[in-house]
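Before any comments, here is the structure.
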Amino acid sequence: MPAQPRHGESVSHDDPAVRRPDIETREDIVLLLEDFYAAAFADDALGHIFVEVAQMDLEAHLPRLADFWEVTLLRSGEYRGNALEPHRALHTQFPLSAEHFERWMRLWTDAVEARHSGPTARRAVAQAGRVAAAMRKRLQIADSPVAWADGPDGRPELPLSTRR
């Protein structure tokens, strides 16, 4: 029997000895969303956007989020809404960047992988990536600028540069 981690020890999400259930019910989705938003609200990069700018009332918003993910992942339930519009309004109030979406994606992936594994969990991560990409495209948020390493003269060394 594999040793259980002690309090405060991290566990690799890829460790096959640590079995996590797949996402199977709405309750699984609600718990996942609660984990994700607890991390997002406390996050240095995103917390102020959710708490201060959007003033998100998670208790009121959670049922709609669960509806969206239940339809998306379990092919059941009911979601009628436009997920883009609240994000468009937020983007007008506080310009979102590629980095915000990348951080959101990292927190979502971490929350999914900490609680679940299996085909539906993988679909949750993949679908979140598609949602983020679609929102970035519709909000016209450019990719993060590529940081090129400085060359010997202090200027960025671009790939395929003739200066070597």
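Values in this document were obtained by computation on a predicted structure and should not be read as measured data.
- For Arg103, the side chain to side chain donor-acceptor pair (under 3.5 Å) partners two or more places apart in sequence, or in a different chain, are Asp43.
- In this view, Arg138 satisfies the salt bridge (Lys or Arg N to Asp or Glu O under 4.0 Å) rule with no residue, not counting sequence neighbours.
- Residues that satisfy the side chain to side chain donor-acceptor pair (under 3.5 Å) test with His116, not counting sequence neighbours, are absent from this structure.
- For the atom pair CG (Leu65) and CZ (Phe36), the distance works out to 9.0 Å, reported to the nearest 0.5 Å.
- One hydrophobic cluster, built from ILVMFWY side chains closer than 4.5 Å, holds both Leu62 and Val71.
- None of Ile29, Val30, Leu32, Ile23 except one satisfies the side chain to side chain contact (heavy atoms under 4.5 Å, CB included) rule with Trp69; the exception is Ile29.
- In this view, Arg122 satisfies the side chain to side chain donor-acceptor pair (under 3.5 Å) rule with no residue, not counting sequence neighbours.
- Residues meeting the salt bridge (Lys or Arg N to Asp or Glu O under 4.0 Å) test with Asp28, sequence neighbours left out: none.
- Looking only at side-chain heavy atoms (C-beta outward), Trp104 and Leu96 stay at 4.5 Å or farther from each other.
- Using modelled atom types, one finds no donor on one side chain facing an acceptor on the other under 3.5 Å when comparing Glu27 with Thr25.
- A donor-acceptor pair is defined here as one N or O able to donate and one able to accept, closer than 3.5 Å; such a pair exists between the side chain of Asp22 and the backbone of Thr120.
- Between Phe41 and Tyr37, the two ring planes are perpendicular [angle over 60°; tilted spans 30° to 60°].
- Here CG of Asp110 is found 10.0 Å from CE of Met105. Values are rounded to the nearest 0.5 Å.
- Between Arg20 and Arg115 the shortest heavy-atom distance is CB-O, 3.6 Å.
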Would you list the atom pairs, donor with acceptor, under 3.5 Å between side chains in residues 44-60 and any protein atom, with sequence neighbours excluded?
residue, atom, partner, partner atom, Å
Asp57, OD1, Glu59, N, 3.3
Asp57, OD1, Ala60, N, 3.3

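- Leu74 contributes atom CG, which lies 9.0 Å from atom CD of Glu24 (distance to the nearest 0.5 angstrom).
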Expected list for residues 123-132: side-chain donor-acceptor pairs under 3.5 angstrom, two or more places apart:
residue, atom, partner, partner atom, Å
Arg123, NH2, Leu73, O, 2.4
Gln127, OE1, Arg130, NE, 3.1
Gln127, OE1, Arg130, NH2, 3.0

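- Listed by chain and number, the residues in a side chain to side chain contact (heavy atoms under 4.5 Å, CB included) with Thr92 amount to none (sequence neighbours excluded).
- Between Arg136 and Ala98, the shortest heavy-atom contact is NH2-CB, 3.5 Å.
- No continuous path of ILVMFWY side-chain contacts below 4.5 Å connects Leu33 to Leu31, so the two sit in separate hydrophobic clusters.
- Going from atom NE2 of His100 over to atom CE of Met135 covers 15.0 Å, rounded to the nearest 0.5 Å.
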